[in-house]
Every structure is written in structure tokens, then in C-alpha cells.
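Shown next, in C-alpha cells, is the structure this report addresses.
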Amino acid sequence: MFNHHLFNQAILSPKFTDEAIYWTNKLFNELEVYWKDLFLKEEIIKENKNKLDFAAWFHHYTNDMTIKLLTGERSYSMAAYFDTLLEKKSDHPPAIVEDSVKFVQAIHKHLMGYYIFFIISPFLRRYVPFFKNKADGILQNLKFINQKLDSIIKRRRQEIKDVPLNKPLPHDMLTSMIIKNTLRDGNYFETGEANRSMTDTEIRVNLLDGILNGTYKSANLLSLIVYYVAHNPDVKKKMLEEIDSIFQGDKTRPITKDDFYSLSYCEAIVKEVSRIFPIMHSFTRSFDEPCEIAGYQWPANTLFIFNIKALHNDSDYWEEPEKFNPDRWLVEGFEPNKNSFMMFGGGLRSCPGRKLAMIELICLMALLFRKYEINLVDMNSPIKTTSDGILVSCDELLVEVKPRN
Ligand code: HEM
């Protein structure tokens, strides 16, 4: 709980919010540079070649965003993707791009493979060559990720030491965790174990937890949002009205914290898409003591699985649950029934990245739609998603993009 608590403190601080908005703008500008070369030139639009895989671009975008905000280090996942699509290369030095691709690929490999430690028995993993090779590969890969994170932590500790006490430090999560409960911490007071500073291992565990949990979810949800908006013209019209009323035709100024808090219809769309199609289908809880639930006695350590999708589409809690209706969130005084909306889980272990996710999603909706017209290439195609039973991944979303008139 100590780690979780400090994770929350670092990622939910107002300074982190500012940093998240700053990097949303900055990485969006970088994305536009790539899109201009690849899809937005007049001749490309004329030839109908302005089509792109939205899901892939935003998987790369959120890789770069999460790694930057959590570790303070730049990652070049978008640049690497651009380099695969065009002969002309991005401006970043190839060795740095390559290095960051290795790290992102290792994260992806871990996410795709770690589940075997939950579903394959230790016996098979140790003694049956097929499973043993898989398990060894995942452990080897994890070792590489840990070494990389350890070297980042070590380097940052040194950088912090070199900055005089009265000079400001960056607001990424790593820096906040290193200085927490030290003389650098504005709220420092020494009162014992709960207020001790974090060890490198604790910091590494939090960084990895954040990177693994934070990387693809916002991108998958953003793809679903684009899909639902495209299929609901009335919603799209209202969303554009809201965005235009805030930006008043300015298509280039950076988005601000005030804009973020004003985009309430965009927020309602995010929540409604998450209600009707939660990208995290389920999460688990267990009690370390026997308990009674729903009139039944359960032994200690029983694993309970919350079915978020069923809950979000249950007519006991939601009026016309099958209807995609963002307006339901804007009815005055509306609050979902207690525990009937679990987009970010619930209770003490609820998602610590919830604020960051909302910033990314709402700001990106505004940045994208104020300037570009985004249409699905195939309106008849169902959305291409796969699920491992817990997480939904959007595997591809082909869209056509052009400047908005
Ligand atoms: C749309 C985006 C996201 C959704 C829908 C989402 C949803 C969730 C849900 C449902 C849980 C389980 C909570 C529970 O058990 O009660 C969770 C856990 C978690 N999320 Fe998120 N999340 C998102 C983005 C992020 C981001 C951007 C980060 C961090 C950078 C993040 C970090 C975490 C972590 C570290 C946990 C594990 C917490 C723990 O086990 O104590 N998430 N998320």
C-alpha cells in the first residue's frame, strides 16, 4: 500500500497535471509533423492516399507519452513508426530511436507474455521445454526492462544531487518518487516508517506498473471513441460545437488546463464509450479472511472477478443501457448508482492513472477534431478488437484524415 500511495501522490499532483497537458500538446505537434509528410499534402489527399491506422499511431503516441511522463526520458516510438512508413527519416538520431524501440518492444513482449505465469502451472513452466522456453524468454526480457529502469533511476538520482536545493526539478513521476520524503520534498516532515523515502526497487516496481498499465489503454479507448463518434453524427455535431465554442476557430494554440475542464461534452463521450464498451472488461479482488457475500460463505483467498461490461450494461442500473447516449452524463444531478460505473475500478486499488488518462483522451479529442476531419475508411466494418478476457485491444482502425474546412 506504501508504493500505491506514493504512486497516487506523484501522479495526481497538480504539477503532474500541468506536465501531462504540456506533453499532450508537444507530442501532438510531433505527430502532426509526421502526418503532414505522410497524409496531409495536397497531392496525397487528391490521390485519396490520406488513410492511416489510427490505432497504431496512438499506440505509439501513448508509448511516448507514458514513458516521458513517468520516467522523464524521451521515447521515440512515433518517430520509429514514421521511419517504417517513409524513406525520409525523422529528425531524431537513429541510435536513440533504435534504443527506445528496443525498450518499447520489450514492454510489448512482456504485456503479451506475462499471463503464462498465471495460467500455466509451475511444473509445466519448469519441465516442459515448450513452456519453459516461453517462461525463460519472458523472464529474460523482464531482466532487460529492469536493468533499463535501474539505469534511468540511478542517472536521475545523480542529476538531482547535482541540482542545488533551491532550484526547481522536473515534475515527472520518477523525480517525484525519488524526492518524496526527502529534504527536496516541499511537504517533508520526519515522522517514521510511513514517511520514509522510497528504495530503488520500490521506485522501479511503480515505474514498471505505471508503464505496463498506462501504455495502451488510452490509445485503445481513443480508437473506440473515434469509431463511436463516426457512427453517431448527432454526437459528432454536438462535440464539434463544444470544441469550436472553446477554440473559436484557433486551430493551433496549445490546449490549456482550463480548456480541459471546460470540455464537458467530450468528457461525457469518454464516459459513455467506456460504459457501453469498457476496454477493461474485468478486475479482481480477494479477501485474506473468510467472508460472506450475497448470502454465501466464501473461504479466505477466494478470487472474485468483477464483470465490468455486464455491470455497465445492466438495466437495473442504467436506463436504456444499449443506447449510446453521452447526454445521460450531463443531466443535472446525474450520478451513476454506487459501484455501477467501474471504468477505473473502485476503492483503494482504483486506477491511479485515471486523471492522466482523462487528460490524454479529452485533450486529444479536442486537438484532433478542432483541426482535422476524421472519417472511417469503412463505415460498415465492425471495430477490430481482440480481448484476453481482461483488456480489450483495438488492433486496427483505418481512418481518412484531412484538414477541416
Ligand atoms: C483509459 C485508460 C485507462 C483505463 C480505462 C484504466 C482502467 C484501470 C482499471 C479498471 C484498473 C483496475 C482497478 C481496480 O482493480 O480497481 C486499473 C489499474 C491500474 N491502472 Fe489504469 N486505466 C487507464 C489508464 C491508466 C494510465 C494512463 C496509467 C498510468 C500511467 C494507469 C495505471 C494503472 C495502474 C498502475 C493500475 C494498477 C493499480 C493497482 O493494482 O493497485 N492506468 N486501470
Side-chain angles (χ1 to χ4, degrees), residues 1-13 16-17 19-21 23-24 27 55 58-59 61-72 75 107 110-111 114 171-174 176-177 202-226 228 266-267 269-287 303-312 339-365 385 387-394:
M1 246 16 239
F2 174 74
N3 278 6
H4 187 76
H5 180 59
L6 294 200
F7 190 121
N8 268 302
Q9 280 195 352
I11 205 168
L12 294 174
S13 75
F16 189 88
T17 298
E19 194 82 353
I21 293 178
W23 278 98
T24 304
L27 291 174
F58 281 91
H59 281 150
Y61 179 100
T62 52
N63 276 331
D64 288 347
M65 178 84 175
T66 313
I67 291 174
K68 175 68 202 172
L69 286 174
L70 267 50
T71 67
S75 135
I107 296 291
H110 187 77
L111 279 168
Y114 77 94
H171 303 294
D172 56 84
M173 192 169 115
L174 171 57
S176 305
M177 288 192 295
E202 287 167 339
I203 291 176
R204 191 217 307 134
V205 167
N206 267 358
L207 283 181
L208 185 58
D209 214 14
I211 292 172
L212 293 174
N213 277 287
T215 300
Y216 294 112
K217 288 189 200 125
S218 312
N220 289 327
L221 180 48
L222 189 63
S223 297
L224 289 179
I225 290 169
V226 167
Y228 272 90
C266 289
E267 182 186 342
I269 295 176
V270 174
K271 288 183 176 163
E272 185 64 353
V273 173
S274 303
R275 182 192 67 76
I276 213 156
F277 199 153
I279 51 151
M280 206 158 155
H281 273 184
S282 58
F283 63 89
T284 56
R285 289 289 185 275
S286 67
F287 295 87
L303 192 68
F304 294 90
I305 301 179
F306 285 74
N307 185 339
I308 306 182
K309 194 166 163 79
L311 198 59
H312 285 188
N339 295 334
S340 67
F341 183 62
M342 293 280 191
M343 169 182 181
F344 291 118
L348 284 176
R349 293 216 77 99
S350 66
C351 171
R354 56 196 178 276
K355 178 97 180 270
L356 171 58
M358 291 309 274
I359 291 172
E360 282 181 290
L361 292 162
I362 293 173
C363 294
L364 283 172
M365 285 167 76
T385 57
S387 168
D388 59 5
I390 299 175
L391 271 175
V392 174
S393 172
C394 180

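One-based numbering, in listed order, for ligands and for the atoms of each.
At a threshold of 4.5 Å between non-hydrogen side-chain atoms, the residues Y61 and L27 count as touching. Taking the side chain as every heavy atom from C-beta outward, H59 and T215 never approach each other to under 4.5 Å. Looking at heavy atoms from C-beta onward, I225 lies in side-chain contact with I269 at the 4.5 angstrom threshold.
Closest to atom 29 (C) of ligand 1 by heavy atom, among A20, G210, G346, is G210. Nearest-residue assignment for atom 40 (O) of ligand 1 (options M343, H281, R349, M358; heavy-atom criterion): R349.
At distances below 3.5 Å, not a single donor-acceptor pair connects side-chain atoms of S274 with backbone N or O atoms of P278.
Only one option out of T24, L69, L364 pairs with I359 in a side-chain contact (heavy atoms from CB on, under 4.5 Å); it is T24.
The count of protein N, O or S atoms under 2.8 Å from atom 21 (Fe) of ligand 1 stands at 1, with waters excluded from the count.
Close contacts of ligand 1 with R285, meaning ligand atoms under 4.0 Å from a residue heavy atom, involve 14 (C), 15 (O), 16 (O). Near L221, meaning under 4.0 Å from any of its heavy atoms, are these atoms of ligand 1: 1 (C).
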Residues 344-354 side chain polar contacts: donor-acceptor under 3.5 Å, at least two apart:
unit_1	atom_1	unit_2	atom_2	d
S350	OG	G347	O	3.2
R354	NH1	C351	O	2.5

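To the nearest 0.5 Å, atom CG of residue N206 and atom CG of residue D209 are 6.5 Å apart.
Under 3.5 Å, the side chains of S75 and D64 contain a donor-acceptor pair of N or O atoms.
At a 3.5 angstrom cut-off on N or O pairs, T284 does not count as close to ligand 1.
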